[in-house]
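See below for the structure under consideration.
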Amino acid sequence: MSNSFDDIPFFDEEPEPAPRKAPAPPPAGNAGLGIAARAMAARDQHRAPDYLSGLNPEQREAVETLDGPVLVLAGAGTGKTRVLTTRIAHILETGRAFPSQILAVTFTNKAAREMKERIGVLVGGAVEGMPWLGTFHSIGVKLLRRHAELAGLRSDFTILDTDDVIRLIKQLIQAEGLDDKRWPARQFAGMIDTWKNKGLLPADIPEGDARAFANGKGRELYAAYQARLKTLNACDFGDLLLHPIAIFRQNPDILKDYHNRFRYILVDEYQDTNTAQYMWLRLLAQRPKGVPQNVCCVGDDDQSIYGWRGAEVDNILRFEKDFPGARVIKLERNYRSTEHILGAAGRLIAHNEGRLGKTLFTDRVNPDDEKVIVHAAWDSEEEARAVGEEIERLQRGDSDGKKHALNDMAILVRASFQMREFEDRFVTLGLNYRVIGGPRFYERMEIRDAMAYFRLVCQPADDLAFERIINTPKRGLGDTTVRYLHDYARARDIPMLQAAADIIETDELKPKARKALFDVVQSFRNWSQKLENTPHIELSEQILEESGYTDMWKNDKSAEAPGRLENLKELIRSMEAFESMRGFLEHVSLVMDAEQNEDMDAVSIMTLHSAKGLEFETVFLPGWEEGLFPHQRALDEGGRAGLEEERRLAYVGITRAKRRCHIWFVSNRRIHGLWQSTMPSRFLDELPQMHVDVAVADTNYGGYGGGRGGYGQSRFDKADPFANTYSTPGWKRAQQNKTDATRDNWGTRSGHAVERIGYGESGPRSRTIEGELVAKSTTETPSQFSVGDRVFHIKFGNGNIAAIEGNKLTIDFDRAGQKRVLEGFVERV
DNA sequence: TGTTGGTCGGTTTTT
DNA sequence: CCGACCAACA
């Protein structure tokens with residue numbers, strides 16, 4: 001069957017687009033001093049081009065320093081994207097390079113899309129001429145399609161998603177005769193990912209890593225995985241970077257071609273690059289001595305929040321070493337936030353060591369600007385309720401007479417489980433919200449199934465797609481048949497679809513299975529033939545109809561079925577934007593997200609991680625408690641570095657706010673089903689008092705607790721409401737360790753609306769302070785309580801102990817019903 | 001082949 | 001405590 005890839009143009013077959021306004025093509029060989037001089041002259045003599053006006057001096061320097069390496073340290077809200085896009089426009093307008101000679105790399109597809117749009121606006125018109133603007137991965141695919149054979153692949157290779165990868169690894173683990181329960185495929189997929197992020201091939205992985213998995217067979221398993229990918233004519237995401245790196249290293253002539261091609265290289269979000277990306281970049285950016293390395297990296301070390309998935313902040317920290325003579329430009333003038341927000345964020349991030357050091361400032365100071373407000377709530381339910389009320393207040397315009405749009409507000413959480421409470425609350429309030437992130441369109445089961453059909457039509461060797469849909473819908477081709485097919489194919493080193501075609505010629509299978517398989521094979525033959533001459537939309541619909549896939553969902557009576565059918569329609573609709581089925585598949589494998597509905601006015605709820613790069617008038621930051629934020633695991637696993645990354649996350653959160661930033665913490669949170677008392681986040685102590693207000697009693701204290709010790713005014717009555725809470729060993733140590741860093745905080749902390757419920761002496765909840773673990777001490781000491789004891793709990797009131805397991809008590813409360821709580825939080829009455 | 005019960009884990013996510 | 005996922009069943 002023909003499997004040509006003619007519809008994907010290779011770069012050197014594209015006609016060179018003429019520069020839009022540039023008078024002459026770039027001079028070959030030298031760095032174009034003549035043009036530079038002319039551009040400078042043009043700038044000095046005439047009015048600067050429109051696109052340069054309105055840039056501040058630093059931005060302008062970043063745009064106009066075209067020769068040699070440049071590092072732009074762009075703080076939050078300092079116009080980073082503007083610099084990047086204007087710089088590209090400037091390169092084009094001064095005729096220094098054709099659009100196809102600029103390599104511009106982003107991390108997300110969204111960023112790439114936005115950059116394209118904005119360059120289009122600046123240069124006036126479409127930017128189709130920028131074929132090398134994209135994510136590391138999409139550019140990687142392009143390179144790899146061009147040189148696939150050098151990586152042992154054909155140019156029509158498939159890109160596997162995580163789901164495929166896990167299934168494949170599982171097969172390999174089982175094939176090795178290993179227990180896939182003991183050695184989970186998911187975990188190994190994670191290990192491979194980590195290795196590939198570091199640019200490590202099977203031969204390169206540390207011996208320790210290799211031994212740590214699959215009875216010491218880690219390395220073999222990784223090698224087997226790579227081999228299997230090759231036979232499948234497939235690669236995973238990591239390979240999109242690693243294969244090009246290997247190709248460049250082994251073929252200096254090819255690398256040289258690209259050196260000649262890419263006159264200018266730009267990298268966005270440089271602080272998020274991992275080692276593999278760094279290696280890739282260095283290969284492309286390096287130049288013989290004397291030839292300027294026109295590489296411009298833009299980033300912010302203070303916003304590096306992806307260390308846990310392999311990003312190396314170090315890449316940005318050592319830029320000047322890597323590219324000698326680099327010009328380093330700091331953008332510190334912030335156009336987004338009020339002085340209070342910048343002041344709070346700046347003081348917080350100053351607690352990190354090992355930063356390049358920037359201080360954001362603004363001179364648009366307004367005495368009416370609200371300080372950052374810290375609120376205390378009793379528990380997460382009250383937190384959600386109070387945030388909901390604040391949102392409604394803003395919406396109505398109570399406080400300042402202005403009615404605020406929900407679109408201008410966001411709730412940024414540390415962990416996604418926090419979202420639920422807000423969603424619940426907003427549903428009851430009838431408040432529109434949208435969750436950003438979460439499960440994505442192309443990850444839905446029905447979409448993946450449909451895509452598997454399309455993949456198999458385009459790429460008959462895609463065994464993973466074959467196995468996914470061969471019995472979906474049910475065709476009576478169960479495990480036994482599939483395994484037989486699998487073994488048959490592996491033994492002869494042919495694709496399973498081919499194996500199926502062979503087998504139906506024999507009488508190996510039972511008549512029923514044979515008939516079913518025959519039908520499927522026929523169908524695929526039919527569809528593959530139509531691939532070249534039938535419009536892809538029509539063919540796709542046909543495939544889903546004829547395969548019985550849509551019928552399967554039509555006959556499904558479950559509640560989700562109609563939604564799934566709707567998604568399938570949406571899938572077909574989204575294909576219209578593409579020229580061919582292959583083009584569509586490529587897009588989807590790289591761009592996993594679908595557009596969000598922006599029309600509705602709604603509050604956004606998302607994690608801090610997905611908020612990077614966004615901005616909102618008002619930002620709510622709930623859950624600032626030790627253990628949650630900074631997250632306990634970040635501290636346990638990352639120590640000081642982990643803490644600093646958490647702090648950067650907090651910095652990212654605060655700097656998302658343009659005008660209003662409300663931070664919340666609660667005293668009680670249910671973690672793994674147990675009610676736990678929590679301490680306010682240390683980050684709160686790191687905020688400067690002069691930019692922060694503490695909201696006093698701004699919530700309705702409903703709930704339990706009745707009578708005695710109830711949550712209300714009384715909690716402020718105590719001479720020192722922190723006496724109990726802050727008597728844990730960890731806290732004491734933190735007090736001793738206090739440096740000048742905390743001196744400018746809120747001093748005595750007493751006006752602070754908090755009370756803890758730690759009655760018992762340092763309960764079972766010691767924490768980590770400054771990266772030092774004070775163990776999550778669950779030391780099993782015999783309980784001081786017995787079943788039947790009458791006890792009091794500050795949240796739930798009085799009750800009787802029904803059961804005791806270690807330090808966990810099950811208590812029948814008079815008013816709150818049965819709850820499980822840690823014994824440190826109750827006292828005998 | 002679909003249901004059920006039992007176990008395990010429970011931060012962040014792109015491509 | 002709750003949900004996802006997997007193995008054992010009817």
**Q.** For atom CD1 of A:Ile470 and atom P of B:dT1, their distance in whole Å
**A.** 13 Å
(Q) From CD1 of A:Ile166 over to P of C:dA4, roughly how many Å is that when rounded to an integer? (A) 16 Å
Q. What is the distance from CE of A:Met445 to P of C:dA4, rounded to the nearest Å?
A. 12 Å
Q. With a 4.5 Å heavy-atom cut-off, do A:Leu281 and A:Thr273 have their side chains touching?
A. no
Q. Looking at A:Arg420, does any N or O in its side chain come under 4.0 Å of the phosphate oxygens OP1/OP2 on C:dG3?
A. yes
(Q) One thing to verify: whether A:Arg145 and A:Glu586 come together as a salt bridge, which I'm taking to mean a side-chain N less than 4.0 angstrom from a carboxylate O. (A) yes
Q: Encode nucleotides 9-15 of chain B as B, S and - characters from 5' to 3', where the letter depends on protein heavy atoms closer than 4.0 Å: B to the base, S only to sugar-phosphate, - to neither.
A: -BBBBBB
**Q.** Inter-nucleotide P distance (C:dC5, B:dT12), Å rounded
**A.** 15 Å
Q) Excluding sequence neighbours, so at least two apart, what forms salt bridge (charged side-chain N to carboxylate O under 4.0 Å, His left out) with A:Arg656? A) none
Q: Under the ring pair (Phe, Tyr, Trp, His ring centres under 6.0 Å) rule, what do A:Trp308 and A:His631 come out as? Steps first, then yes or no, please.
A: CA-CA 13 Å; A:Trp308 52 274; A:His631 199 281; over 10 Å; no
Q | Residues which pass salt bridge (charged side-chain N to carboxylate O under 4.0 Å, His left out) with A:Arg228, listed by chain and number, not counting sequence neighbours | A | A:Asp463
**Q.** Distance between P atoms of C:dA4 and B:dT11 (Å, rounded)
**A.** 15 Å
Q: Decide yes or no for A:Asp302 and A:Asn352: does some side-chain heavy atom of the first lie under 4.5 Å from some side-chain heavy atom of the second?
A: no
